[in-house]
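Beneath this line is the structure, given in structure tokens, with notes to follow.
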Amino acid sequence: WQYPKMTMTWMSTLANSYGFDLALQVTNHTKQALDGQINLDLSENFAGEEASRFHFLGFNGSINNKLEDIKSGSLKESKTFTGKVDWAGLDEGYFMTTVIPESGKAWVTLSEPPKAPMVASLRTPVDSLAPGQAVQFSYLLYFGPKDLNDLQPLGIEKAVNFGWFDFLGRPLLYFLRFLDRYSFNYGWAIIILTFLIRIVFFYPNHKSYKSMKDMQKLQPKVAKIREKFKDDKEAMNKELMALYRTFKVNPMAGCLPMVIQLPFFIALYNVLGYAIELRHAPFIPTLPFTNYVWLADLSTKDPLLITPLVMG
């Protein structure tokens, strides 16, 4: 681009990838020193209800080695992130638009006016540029799917995040992909993985059910103690603990195995909700013995509502 006081040129080359290099050269054509900044803006076409319908999630970036995640519609005023910018972009659920500066010397400003698309601006400072001097800035832009195979070579694999239990979600995703190779499709892979998780937790589940049964048998005695010592909490707790010791029952044993399993199923839930591997992945494309479209896309709801009714 030609401006009155400076020239900016760019070029882009990166084969066999959803990413491409961007080189910007700024030249000072004046007789005095100039400074300023380069703005690279990423924006979405969707806003409001339309954004959620098209699976737009919001801002996603790594600032100072910390993952920043701002949901669409939650930004009441513009927000600025300063420090070392590893990468910054907009998360479309299964896809992302991301800019990666070669130099971390930058800052990111987010804005989302009411009923308007979110804009993420990566701003790179241009220090005092002497007359006739030129400076070049390099970026990597990635516009593509949130597939770990594509993201890992670029160092932005953390953009695939499965929440608090991401450390469990990633191994589950890798194992799901492994099962898909040897099963008919991802639908059967999900069923096999679920059964395997249940087998792993069979023993703690068994202990949990046994503890709950034992607690049920003690309920009449527990009720009597609560009635007898209802005005003396300390004495009631002592009697209850003595009762549990006598019958060798741990009141926490029924809940603890469930708590241990919960992170695994939350992680699996997040994987099934956000892994691009399930996008347009068929399970049972048509209802057996009919032409009705059924589970033709594992990333969308059951159009006939059969599976939620069976679950209920």
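For residues 284-312, no residue pair satisfies the ring-ring contact (aromatic ring centres under 6.0 Å, His included) rule, not counting sequence neighbours. Under the salt bridge (Lys or Arg N to Asp or Glu O under 4.0 Å) criterion, no residue pair touches residues 241-270, with sequence neighbours excluded. Annotation: ring-ring contact (aromatic ring centres under 6.0 Å, His included) contacts involving residues 109-146, sequence neighbours excluded, comprise Phe20-Phe143. For residues 196-205, the set of pairs meeting the side-chain hydrogen bond (donor to acceptor under 3.5 Å, both in side chains) definition, not counting sequence neighbours, comprises Asn205-Gln261. Annotation: ring-ring contact (aromatic ring centres under 6.0 Å, His included) contacts involving residues 220-264, sequence neighbours excluded, comprise Phe201-Phe264. The salt bridge (Lys or Arg N to Asp or Glu O under 4.0 Å) pairs that include a residue from residues 265-283 are Arg177-Glu277, where partners are two or more places apart or lie in different chains. Pairs passing the salt bridge (Lys or Arg N to Asp or Glu O under 4.0 Å) check and including a residue from residues 63-74, sequence neighbours excluded, read Asp69-Lys71.
Note on Trp164: it clusters hydrophobically with Ile260, by side-chain heavy-atom contacts below 4.5 Å among ILVMFWY residues. A continuous path of Ile, Leu, Val, Met, Phe, Trp and Tyr side chains, each step under 4.5 Å between heavy atoms, connects Phe184 with Leu298, placing both in one hydrophobic cluster.
Here the shortest heavy-atom pairing between Val85 and Leu122 reads CG1-CD1, 3.8 Å. Ile63 and Thr82 get closest at one heavy-atom pair: CG2-O, 3.6 Å.
For Asn270 (side chain) and Gly163 (main-chain N/O), no donor-acceptor pair under 3.5 Å exists by modelled atom type.
When side chains are defined from C-beta on, Met236 counts as touching Ile225, because their heavy atoms get closer than 4.5 Å. Residues Asn161 and Asp166 form a side-chain contact, since some pair of their non-hydrogen atoms from C-beta on lies under 4.5 Å apart.
Scored by the ring-ring contact (aromatic ring centres under 6.0 Å, His included) test, Tyr174 finds no partners at all (sequence neighbours excluded). Phe283 meets the ring-ring contact (aromatic ring centres under 6.0 Å, His included) test with Trp188; sequence neighbours excluded. Partners of Phe167 by ring-ring contact (aromatic ring centres under 6.0 Å, His included), not counting sequence neighbours: none found. Not counting sequence neighbours, the partners of Tyr94 by the ring-ring contact (aromatic ring centres under 6.0 Å, His included) test are His55.
The side-chain contact (heavy atoms from CB on, under 4.5 Å) test with Val119 singles out one residue from Ser78, Pro113, Ser43, and that residue is Ser43.
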_side-chain contact (heavy atoms from CB on, under 4.5 Å) between Leu179 and Ile190, intermediate numbers included_ = CA-CA 8 Å; Leu179 291 175; Ile190 292 169; over 6 Å; no

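Side-chain atoms of Asp35 and Ser128 form no donor-acceptor pair, as typed in the model, at a separation below 3.5 Å.
In the hydrophobic clustering, Met311 connects to no other residue, as no ILVMFWY side-chain heavy atoms lie under 4.5 Å from its own.
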